[in-house]
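Notes to accompany the following structure.
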Amino acid sequence: MKNVDRIMHNGEDDELSRRIIGCALEVHSQLGPGLLESTYEECLCYELSQLQILFTRQVLLPIQYKSLALEKAYKVDLLVSRELIVELKVIEKVQPVHKAQVRTYLRHARLRRGLIFNFNEESLKSGIHRVTIQNPLR
């Protein structure tokens, strides 16, 4: 988990986020950019497992639209310790729509924190994006 402290922003990150970011940095330092998202997911899950961090992959989360229950409305890449969503990307650049996507996931999952990792960066430091919301749906 070397280099993690260099990318923290004034103590904004809690211990869980710090550990997840450390795992992602390790994966990126070993693999570099240019691979499939599924490869990074598999390797990140390996690193999380090595640290005994609990997570669930490809979690289907429902959405309630009026009287219609959509059981398979969306799927998050990783739900870590039932408190933080991790979304993995291999794209040219994370856009505002990607952050909005994670905010929507957080609201419907009733969570406050998420991380986006864009592994398609020369330095993962540029590909780490924190997403938070104040009031998840109740």
Side-chain angles (χ1 to χ4, degrees):
M1 285 214 240
K2 58 189 177 195
N3 301 326
V4 176
D5 293 327
R6 284 190 259 168
I7 63 168
M8 297 294 110
H9 295 281
N10 301 321
E12 285 178 12
D13 288 301
D14 60 278
E15 180 64 18
L16 179 60
S17 295
R18 188 185 74 74
R19 294 175 74 200
I20 296 167
I21 290 169
C23 290
L25 288 169
E26 177 64 18
V27 170
H28 193 270
S29 73
Q30 294 293 316
L31 299 177
L35 301 174
L36 295 173
E37 183 180 308
S38 59
T39 302
Y40 295 110
E41 180 179 323
E42 190 71 36
C43 295
L44 181 58
C45 290
Y46 172 82
E47 291 295 333
L48 294 171
S49 295
Q50 293 300 109
L51 294 179
Q52 298 180 339
I53 297 173
L54 299 176
F55 64 90
T56 308
R57 296 171 72 168
Q58 301 298 316
V59 178
L60 292 172
L61 294 174
I63 289 178
Q64 185 71 36
Y65 176 77
K66 297 184 179 182
S67 64
L68 179 63
L70 303 168
E71 295 300 319
K72 299 177 183 179
Y74 60 97
K75 184 172 20 175
V76 298
D77 291 334
L78 297 173
L79 176 60
V80 182
S81 296
R82 296 184 180 174
E83 62 182 271
L84 193 145
I85 288 175
V86 175
E87 195 64 20
L88 306 178
K89 302 289 185 192
V90 180
I91 55 179
E92 186 174 330
K93 182 179 178 186
V94 171
Q95 301 291 330
V97 69
H98 300 116
K99 293 177 184 179
Q101 172 191 18
V102 173
R103 282 192 296 275
T104 297
Y105 291 174
L106 291 170
R107 274 195 306 280
H108 288 281
R110 296 182 173 92
L111 300 173
R112 296 186 185 279
R113 298 175 295 145
L115 290 168
I116 300 171
F117 295 122
N118 181 15
F119 284 97
N120 203 36
E121 296 278 355
E122 195 62 39
S123 167
L124 186 60
K125 179 179 176 182
S126 304
I128 297 171
H129 301 269
R130 293 155 187 81
V131 180
T132 59
I133 62 169
Q134 295 301 314
N135 298 310
L137 297 175
R138 303 207 190 285

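Throughout, numbering of the chain's residues begins at 1 and tracks the sequence.
When all heavy atoms are compared, the tightest approach of Gly114 to Val102 is CA-CG1, 4.4 Å. Pairing each heavy atom of Asn120 with each of Gly34, the nearest pair is OD1-N, 3.6 Å. Across Phe55 and Ser49, no two heavy atoms sit closer than the pair CE2-OG, 3.4 Å. When all heavy atoms are compared, the tightest approach of Glu83 to Leu111 is CA-CD2, 3.8 Å. The two residues Val90 and Leu35 come nearest to each other via the heavy atoms CG1-O, 3.3 Å. The minimum heavy-atom distance between Asp14 and Ser17, with the atom names listed, is OD1-OG, 2.8 Å.
Pairs engaging residues 28-53 under the salt bridge (Lys or Arg N to Asp or Glu O under 4.0 Å) rule: Glu41-Arg57, Glu42-Arg57 [sequence neighbours left out].
Atom CG of residue Leu60 and atom CG of residue Leu79 lie 12.0 Å apart, to the nearest 0.5 angstrom. Between the CZ atom of Arg82 and the CZ atom of Arg110 there is a distance of 15.0 Å, given to the nearest 0.5 Å. The structure places CG of Leu106 at 10.0 Å from CG of Leu61, a figure rounded to the nearest 0.5 Å.
More than 12 heavy atoms of other shown residues, nucleotides or ligands fall within 6.0 angstrom of atom CD in Gln50. Atom CD of Glu92 sits in a sparse spot, with 12 or fewer heavy atoms from other residues, nucleotides or ligands closer than 6.0 Å.
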Q | Candidate pair Leu115 and Ile85, rule side-chain contact (heavy atoms from CB on, under 4.5 Å), full reasoning | A | CA-CA 6 Å; Leu115 290 168; Ile85 288 175; over 6 Å; no
(Q) Evaluate Leu78 against Thr56 for side-chain contact (heavy atoms from CB on, under 4.5 Å), listing each step before the verdict. (A) CA-CA 6 Å; Leu78 297 173; Thr56 308; over 6 Å; no
Q.
Let's go through Gln30 and Cys43 carefully: what are the C-alpha distance in whole Å and the side-chain angles of both, what is the deciding distance for side-chain contact (heavy atoms from CB on, under 4.5 Å) to 0.1 Å, and is it a yes or a no?
A. CA-CA 10 Å; Gln30 294 293 316; Cys43 295; over 6 Å; no
Q: With side-chain contact (heavy atoms from CB on, under 4.5 Å) as the test, would you mind laying out the steps for Ile21 and Ile128 before giving the verdict?
A: CA-CA 8 Å; Ile21 290 169; Ile128 297 171; 3.7 Å; yes
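Proximity of Lys75 to Val59: side-chain heavy atoms (C-beta onward) are nowhere separated by under 4.5 Å.
Residues meeting the side-chain contact (heavy atoms from CB on, under 4.5 Å) test with Arg103, sequence neighbours left out: Lys99, Ala100, Arg107, Val131, Ile133. The side chain to side chain donor-acceptor pair (under 3.5 Å) search around Gln64 returns none, not counting sequence neighbours.
Tyr46 is not connected to Leu124 by any chain of hydrophobic side-chain contacts under 4.5 Å among Ile, Leu, Val, Met, Phe, Trp and Tyr, and they are in different clusters. Hydrophobic clustering places Leu51 together with Leu44 (ILVMFWY residues linked when any side-chain heavy atoms are closer than 4.5 Å, directly or through intermediates). When the side chains of ILVMFWY residues are joined at heavy-atom separations under 4.5 Å, either directly or via intervening members, Leu25 and Leu31 end up in a single hydrophobic cluster.
In this structure, Arg130 contributes its side chain and Ile116 its backbone to no donor-acceptor pair below 3.5 Å. With His108 contributing its side chain and Tyr105 its backbone, the two residues share no donor-acceptor pair below 3.5 Å. The backbone N or O of Glu121 lies less than 3.5 Å from a partner atom in the side chain of His28, making a donor-acceptor pair. Between the side chain of Asp77 and the backbone N or O of Leu88 there is at least one donor-acceptor pair closer than 3.5 Å.
In this model, a donor atom of one side chain and an acceptor atom of the other lie less than 3.5 Å apart for Gln101 and Lys89.
Not less than 6.0 angstrom separates the ring centroid of Phe117 from the ring centroid of Tyr40.
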